[in-house]
Participant: 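After the structure tokens below, expect a handful of questions from me.
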Amino acid sequence: MKQIGSSIDGAAARIAPVFDPATGAQTAEVVLASVADVDRVVQASATAFASWRDTSLTARSRILFAFRELADRHRDDLARLITAEHGKVLEDARGEVARGIEVIEFACGIPHLMKGEFSEDVSTGVDASSIRQPLGVVAGITPFNFPVMVPMWMYPVAIACGNTFILKPSERDPSPSDMIAELWSQAGLPDNVFSVVHGDAEAVNALLDHPLVAAVSFVGSTPIARHVFERGHASAKRVQALGGAKNHAVVLPDADLDSTADALIAAGYGSAGERCMAISAVVVVGDADPLVAAVAERARALVTGPGTDPTSDMGPLITQVHRDRVAGYVDSAEADGADIVVDGRGLDIVGDGFFFGPTLVDRVTPDMSVYRDEIFGPVLAVLRVDTLDEAIALVNANPFGNGTAIFTRDGYSARRFRRDVSVGMVGINVAIPVPMAYYSFGGWKQSLFGDAHIHGMEGVRFNTRLKSITTRWPDDQGAADTGRIALHFPSGDKR
Ligand code: NAD
């Protein structure tokens, strides 16, 4: 059995199974780090920081370029590792790697991104400037659903800024992170500037409590995001904790039926709904029947199967437990009186893979658990309202605020939606409005605890701290000294 990770605790180490979700078979075991393991990695990372922060911007940038080339060359290898442990179809895994590489490309421009500000003569003979300096050891804790892309939201920017970085990936699909560590090493990154710690809650809490960890970037479910935010803050760390989602698509009566239905299929069922930007609630203004029929027809035609099979549109879910949980939500929607228009529970599939078919539930109301909770599976819930105002109120009343989209041909309605909706990322006729690497990614409300969104300029600011400098150089040529020492702030006009 393949073993991932190691522990100084030797025989006493805890382990967790890793599965191929398409077959249900265990393919590896991951050794879960102890508090002592985490401490060892943090100490090494802190030592490496002393010289990495002194490495010039040009040298850092060159290593990033080299890493980008290696990641590019290994796109397919990374995608295959994702599919083997996560289950998503290979094409989707390739897309994940591509989006991650864009963040490396952004970080290659670090010499430009780290430029400070300078003002000459803020007072006579006095200059003011600001610089951004790295924080030290930054930890990243990531979820199972994007084992390559989500970590890439974090470490290229953190490392480019001069920090050292410790990645604690999901224990459910840990292998891609080891490959990333190997690519960094080949790119010439000094030892311990990037480290991987495999583990579970024990490793996460050890990182959160460790006094040498300066900052934590977290992406995962809302309850854990809240925990990470609170515990990290308790030990005075900088924390950004991105949480779960319930993303709404609002469809107005003037939207193009076919292209909207196509977009909803991609956003609802892509990656079997295991995306934080997946659409899971469709809010239809006016008559919903034509749209429900168009989505249902397309959903029934989707092929659910192994991610390695090029004919599959949708792979399995991550675990059997998760598959059963998703089925439970459909059971409860049915018991609550919703219409199960397309039912993924009875999927006819050979073997023990964790498959669940595309599911469309109509006439859902906001009190039903199928609407209230994040399901993280291929389940689209349709809610019917009469006006755009009602639709916006529904979206804004939801505790999550990650992504949302509106489908319409009317610019005024789209503008109103964009302006008034309490959600961090908005699409206008774009179902999954994932920002480009040079913008920043993040939700509002319970989808993000902390102030900073991730990657882009928000990422640079999160990974650095500001220092402001005020400078006066005495005039050695002997300008007259009044001999008087001022004890007060300058009043302004004499500056
Ligand atoms: P999760 O919260 O279970 O796990 C995330 C990380 O936290 C993992 O590394 C895990 O080991 C660790 N963890 C789990 N339980 C813990 C505990 N009790 N204490 C400390 N650490 C713990 O999330 P997941 O199931 O791996 O991923 C799916 C979730 O991630 C969904 O809710 C999804 O919406 C969310 N997500 C959000 C975004 C975003 O950008 N907002 C992106 C991707 C995924």
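As the structure is a computational prediction, the values presented were derived from the model and not from experiment. All residue numbers in this chain count up from 1 along the given sequence. Only this structure's heavy atoms are used, side chains among them; waters, hydrogens and symmetry mates stay out. Just follow the structure's listing: the first ligand is 1, and inside any ligand the first atom is 1.
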Participant: Does ligand 1 have any atom that is closer than 4.0 Å to a heavy atom of R172?
Facilitator: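 Contact present.
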Participant: Kindly say whether K246 contributes a backbone atom to a donor-acceptor pair with the side chain of N402 at under 3.5 angstrom?
Facilitator: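 Side chain of N402 to backbone of K246: no pair is present.
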Participant: Should G243 be counted as touching ligand 1, given the test is an N or O pair under 3.5 Å?
Facilitator: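 The answer is yes, given that G243 and ligand 1 share an N or O pair closer than 3.5 Å.
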Participant: Who's the nearest protein heavy-atom neighbour of atom 1 (P) of ligand 1, and how far?
Facilitator: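 Of every protein heavy atom, S221 OG, 3.7 Å lies nearest to atom 1 (P) of ligand 1.
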Participant: Please report whether ligand 1 has a polar contact with E374, defined as an N or O pair separated by less than 3.5 Å (distance criterion only).
Facilitator: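 Checking ligand 1 against E374, an N or O pair does fall under 3.5 Å apart.
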Participant: So H86 and F144, would you call those rings parallel, tilted or perpendicular, with 30° and 60° as cut-offs?
Facilitator: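 Taking F144 first and then H86, their aromatic rings lie parallel (interplane angle under 30°).
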Participant: Is the gap between the ring centers of F400 and H248 under 6.0 Å?
Facilitator: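 Centroid separation for F400 and H248: 6.0 Å or greater.
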Participant: Is the closest side-chain donor-acceptor distance between D373 and Y329 under 3.5 Å?
Facilitator: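 Short answer, yes.
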Participant: Give the residue and atom name of whichever protein heavy atom lies nearest to atom 35 (C) of ligand 1, and the separation in Å to one decimal.
Facilitator: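 Atom 35 (C) of ligand 1 sits closest to the protein heavy atom G220 O, 3.1 Å.
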Participant: Would you mind checking which non-hydrogen protein atom is closest to atom 18 (N) of ligand 1, with the distance to 0.1 Å?
Facilitator: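 Result for atom 18 (N) of ligand 1: I224 CD1, 3.5 Å.
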Participant: Taking R14 first and then E171, would you say they form a salt bridge - that is, a charged N and a carboxylate O separated by under 4.0 Å?
Facilitator: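 Salt bridge flag = no for E171 with R14.
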Participant: Mind checking whether I141 has an N or O less than 3.5 Å away from an N or O of ligand 1?
Facilitator: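 No: no nitrogen or oxygen of I141 is under 3.5 Å from one in ligand 1.
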Participant: For residues Q446 and T222, is any side-chain donor paired with an opposing acceptor at under 3.5 Å?
Facilitator: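 Checked: Q446/T222 side chains show no N/O donor-acceptor pair below 3.5 Å.
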Participant: For ligand 1, which atoms sit closer than 4.0 Å to a heavy atom of C276?
Facilitator: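 Per the distance check, 34 (O), 36 (N), 37 (C), 38 (C), 39 (C), 40 (O), 42 (C), 43 (C), 44 (C).
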Participant: Using modelled atom types and a 3.5 Å cut-off, is there a donor and acceptor pairing between side-chain atoms of N163 and backbone atoms of L135?
Facilitator: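 Yes: the side chain of N163 pairs with the backbone of L135.
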Participant: Tell me whether W153 has any N or O atom under 3.5 angstrom from an N or O of ligand 1.
Facilitator: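 The answer is no, given that W153 and ligand 1 share no N or O pair closer than 3.5 Å.
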Participant: Can you tell which part of I318 has a heavy atom less than 4.0 Å from ligand 1: side chain, backbone, both or neither?
Facilitator: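 I318 to ligand 1: no contact under 4.0 Å from either part.
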Participant: Give a yes/no on ligand 1: does G443 have at least one heavy atom closer than 4.0 angstrom to it?
Facilitator: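 The answer is no, since G443 has no heavy atom less than 4.0 Å from ligand 1.
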Participant: Is a donor on one side and an acceptor on the other found under 3.5 Å between the side chain of R238 and the backbone of F462?
Facilitator: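 Yes, R238 side chain to F462 backbone: donor-acceptor pair under 3.5 Å.
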Participant: Does A278 offer a backbone N or O that forms a donor-acceptor pair with the side chain of N247 under 3.5 Å?
Facilitator: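 Yes: the side chain of N247 pairs with the backbone of A278.
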Participant: Starting from atom 26 (O) of ligand 1, what is the nearest protein heavy atom, named by residue and atom, and what distance separates them?
Facilitator: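 The answer is F144 N, 3.0 Å.
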Participant: Decide whether S332 and S369 meet the rule of one side-chain donor and one side-chain acceptor closer than 3.5 Å.
Facilitator: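 Present: a donor and an acceptor within the cut-off.
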Participant: Who's the nearest protein heavy-atom neighbour of atom 19 (N) of ligand 1, and how far?
Facilitator: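 Protein heavy atom at minimum distance: A201 CB, 3.4 Å.
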Participant: Name all residues meeting the side chain to side chain donor-acceptor pair (under 3.5 Å) criterion together with T365; count only those two or more places apart in sequence or in a different chain, and write none if there are none.
Facilitator: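 In terms of side chain to side chain donor-acceptor pair (under 3.5 Å), with neighbours along the sequence ignored, T365 is linked to D367.
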Participant: Quick one: does E171 get an N or O within less than 3.5 Å of an N or O on ligand 1?
Facilitator: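 E171 vs ligand 1: N/O contact under 3.5 Å present.
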Participant: Run the salt-bridge test on D173 and K88 with the 4.0 Å N-O cut-off and return the result as yes or no.
Facilitator: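 Here D173 does not pair with K88 in a salt bridge, since their nearest N and O are not under 4.0 Å apart.
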Participant: Sequence neighbours left out, what pairs pass ring pair (Phe, Tyr, Trp, His ring centres under 6.0 Å) with at least one residue falling in residues 414-448?
Facilitator: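 Residue pairs passing ring pair (Phe, Tyr, Trp, His ring centres under 6.0 Å), neighbours aside: W153-F441.
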Participant: Give me the nearest non-hydrogen protein atom to atom 28 (C) of ligand 1 as residue plus atom name, then the distance to 0.1 Å.
Facilitator: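 Looking at atom 28 (C) of ligand 1, the protein heavy atom closest to it is F376 CE2, 3.5 Å.
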Participant: If you measure every N/O of N145 against every N/O of ligand 1, is any gap under 3.5 Å?
Facilitator: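 No, N145 has no N/O under 3.5 Å of an N/O on ligand 1.
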Participant: Below 3.5 angstrom, do we get any N/O pair linking N205 and ligand 1?
Facilitator: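 N/O-N/O distance below 3.5 Å does not exist for this pair.
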Participant: Anything under 30° is parallel, anything over 60° is perpendicular, the rest tilted; go ahead and classify F354 against F19.
Facilitator: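 Rings of F354 and F19: perpendicular, as their planes differ by over 60°.
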Participant: Would you call F400 a ligand 1 contact, heavy-atom distance under 4.0 Å?
Facilitator: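 It does not; every heavy atom stays at 4.0 Å or beyond.
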Participant: Where on E274 is there a heavy atom closer than 4.0 Å to ligand 1, on the side chain, on the backbone, on both, or on neither?
Facilitator: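 No part of E274 is near ligand 1 at this cut-off.
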Participant: Going by atom types only, do S175 and D178 share a side-chain donor-acceptor pair under 3.5 Å?
Facilitator: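 Looking only at side-chain atoms, D178 and S175 do not form any donor-acceptor pair under 3.5 Å.
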Participant: In the protein, which heavy atom is nearest to atom 40 (O) of ligand 1, and how far is it?
Facilitator: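 For atom 40 (O) of ligand 1, the nearest protein heavy atom is F441 CE2, 3.0 Å.
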Participant: Report the member of N247, V150, D173, T142 with the shortest heavy-atom distance to atom 6 (C) of ligand 1.
Facilitator: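 The option holding the nearest heavy atom is T142.
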Participant: For ligand 1, which atoms, with element, lie under 4.0 Å from some heavy atom of G244?
Facilitator: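 Near G244, the atoms of ligand 1 are 32 (O), 34 (O).
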Participant: Specify the protein heavy atom at minimum distance from atom 7 (O) of ligand 1: its residue, its atom name, and the distance to 0.1 Å.
Facilitator: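 For atom 7 (O) of ligand 1, the nearest protein heavy atom is F218 CE1, 3.4 Å.
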Participant: Does the protein come close to atom 4 (O) of ligand 1 - that is, does one of its heavy atoms sit below 4.0 Å from that atom?
Facilitator: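 Protein heavy atoms within 4.0 Å of atom 4 (O) of ligand 1 - there are none.
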Participant: Given G403, P169, P143, P147, which has its nearest heavy atom closest to atom 27 (O) of ligand 1?
Facilitator: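 Result: the heavy atom closest to atom 27 (O) of ligand 1 is in P143.
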Participant: Short list, please: which atoms of ligand 1 are under 4.0 Å from a heavy atom of V204?
Facilitator: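 Counting from 1, the qualifying ligand atoms are 20 (C), 21 (N).
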